[in-house]
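Predicted, not measured: the structure shown is a model, and the values here were computed from it.
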Amino acid sequence: MTFKGTSKAFDQLVDQSRQARIIAEKSVWSEGPVCLPDGSVMFSEIPRNRLVSWSEQGGLKVELSPSDFQNGHAVDGEGRVIAASHGKRGIERRKSDGSWEMLVDRYQGKRFNSPNDVVVASDGAIWFTDPDYGLKSQDESYPGGKQQLGEHVYRFDPASHDIKQFVLKGIAKPNGLAFSPDNKMLYVVDSSEQNHRIMAYDVRDNKLTNEREFVTVSPGVPDGIDVDTEGNVWSGSKEGLHIYSPKAELLGKVLIPSESATSNVALCKNASGDHWAYATSGMRVWRVPVSVVSAD
């Protein structure tokens with residue numbers, strides 16, 4: 001692994017005095033890492049149809065198998081895990097007894113495509129993306145036809161059960177998403193080959209306005225993103241992690257050796273108080289020493 005900073009800010013974000021390490025090296029396309037309240041991390045292995053956790057004390061542990069092809073994850077204000085399920089084509093929540101409950105799986109009576117990534121806003125609302133990736137491969141979902149004609153972003157309020165659909169002209173393939181620290185801006189990844197970029201939107205009265213391109217990620221196609229407490233955007237790419245300032249300046253890169261692209265990243269703090277970026281990259285999940293945590 002190589003650290004390639006282009007600014008002094010990069011040295012304050014990535015802690016090069018500590019060693020990066022691989023925490024899983026036999027995964028099959030790992031995705032959706034999420035920081036858990038106890039300091040551990042959880043991630044999906046979509047083709048294996050299972051959910052896996054890792055902690056320094058216990059190592060790797062299978063949390064759920066089959067997982068109904070869960071992909072992206074988030075944690076709500078009460079510490080409950082929220083999951084985007086390809087297989088169930090909806091958004092699930094893990095209850096205190098470990099079982100999962102479906103929160104929403106339809107818009108206007110029609111099933112979602114294959115919810116991909118999910119984030120919880122400060123008001124408790126759940127925002128998620130719904131591309132059709134899961135419908136195209138039997139390794140990522142169960143058989144089923146497409147009911148939502150478009151691929152969109154949604155906002156679901158678990159208290160009122162209100163669901164809103166956002167048709168974003170600048171997004172062809174909505175994928176990863178994350179809020180700015182003040183929740184006034186939503187970043188949405190467009191993973192289409194023609195765009196491979198991160199878009200930004202102002203959030204006003206639960207609506208998305210002022211659509212603009214934040215950055216184009218190259219080489220490769222961006223997938224999952226995270227935003228740290230300073231407002232910097234961390235994105236996967238073909239060569240590893242790219243870190244951008246709130247002004248879209250490339251602060252530096254974490255070059256990750258892999259046979260495939262780095263898909264997702266989660267900025268976490270473990271039980272000892274150390275900060276780590278967990279990056280899913282093909283068969284491996286990496287733990288990279290950093291100095292910041294996620295704003296979510």
Side-chain angles (χ1 to χ4, degrees), residues 1-23 30-35 41 43 72-74 117 119 175-191 195-201 212-258 260-270 274-282 284-296:
M1 178 174 291
T2 304
F3 302 112
K4 188 176 181 181
T6 58
S7 69
K8 292 182 179 180
F10 179 81
D11 295 329
Q12 297 175 343
L13 296 173
V14 178
D15 185 356
Q16 299 181 45
S17 68
R18 294 184 288 149
Q19 290 292 320
R21 61 168 291 193
I22 296 171
I23 65 168
S30 51
E31 291 247 27
V34 63
C35 316
V41 64
F43 58 92
H73 297 90
D117 199 12
V119 66
N175 201 324
L177 72 173
F179 279 104
S180 62
D182 60 8
N183 270 219
K184 293 183 178 180
M185 188 186 306
L186 181 68
Y187 296 99
V188 183
V189 169
D190 185 348
S191 291
N195 293 330
H196 54 92
R197 62 189 181 183
I198 302 172
M199 301 293 289
Y201 301 84
R212 69 272 190 194
E213 179 179 302
F214 178 65
V215 293
T216 291
V217 176
S218 181
V221 177
D223 191 331
I225 57 174
D226 203 351
V227 175
D228 65 34
T229 52
E230 301 300 317
N232 302 302
V233 179
W234 299 60
S235 173
S237 73
K238 184 177 180 179
E239 58 187 1
L241 296 175
H242 291 188
I243 307 171
Y244 301 93
S245 76
K247 295 182 179 180
E249 303 163 321
L250 179 61
L251 301 179
K253 302 177 181 181
V254 178
L255 304 180
I256 297 177
S258 176
S260 59
T262 295
S263 54
N264 298 166
V265 58
L267 300 168
C268 303
K269 181 170 69 173
N270 66 9
D274 296 321
H275 298 162
W276 302 94
Y278 291 91
T280 53
S281 186
R284 303 175 185 89
V285 180
W286 287 84
R287 186 173 76 153
V288 182
V290 297
S291 303
V292 288
V293 293
S294 175
D296 292 337

Contacts of [X] that satisfy side-chain hydrogen bond (donor to acceptor under 3.5 Å, both in side chains) - sequence neighbours left out:
X	result
N183	S122
T280	S263
Y278	none
Y244	H242

Would you please name every residue forming a salt bridge (charged side-chain N to carboxylate O under 4.0 Å, His left out) with R18, sequence neighbours left out?
D15
With salt bridge (Lys or Arg N to Asp or Glu O under 4.0 Å) as the rule and sequence neighbours excluded, what pairs involving [range] come up?
range	result
residues 222-234	none
residues 233-250	E239-K253
residues 178-188	none

Hits for side chain to side chain contact (heavy atoms under 4.5 Å, CB included) against P257, two or more places apart or cross-chain, chain-then-number order -> M1, W286
Residues in side chain to side chain contact (heavy atoms under 4.5 Å, CB included) with K8, at least two apart?
none
Side-chain donor-acceptor pairs under 3.5 Å in residues 213-221, sequence neighbours left out?
{"unit_1": "E213", "atom_1": "OE1", "unit_2": "R197", "atom_2": "NH1", "d": "3.2"}
{"unit_1": "E213", "atom_1": "OE2", "unit_2": "T216", "atom_2": "OG1", "d": "2.9"}

Just jot down the ring-ring contact (aromatic ring centres under 6.0 Å, His included) partners of F179, sequence neighbours excluded, or say none.
W127
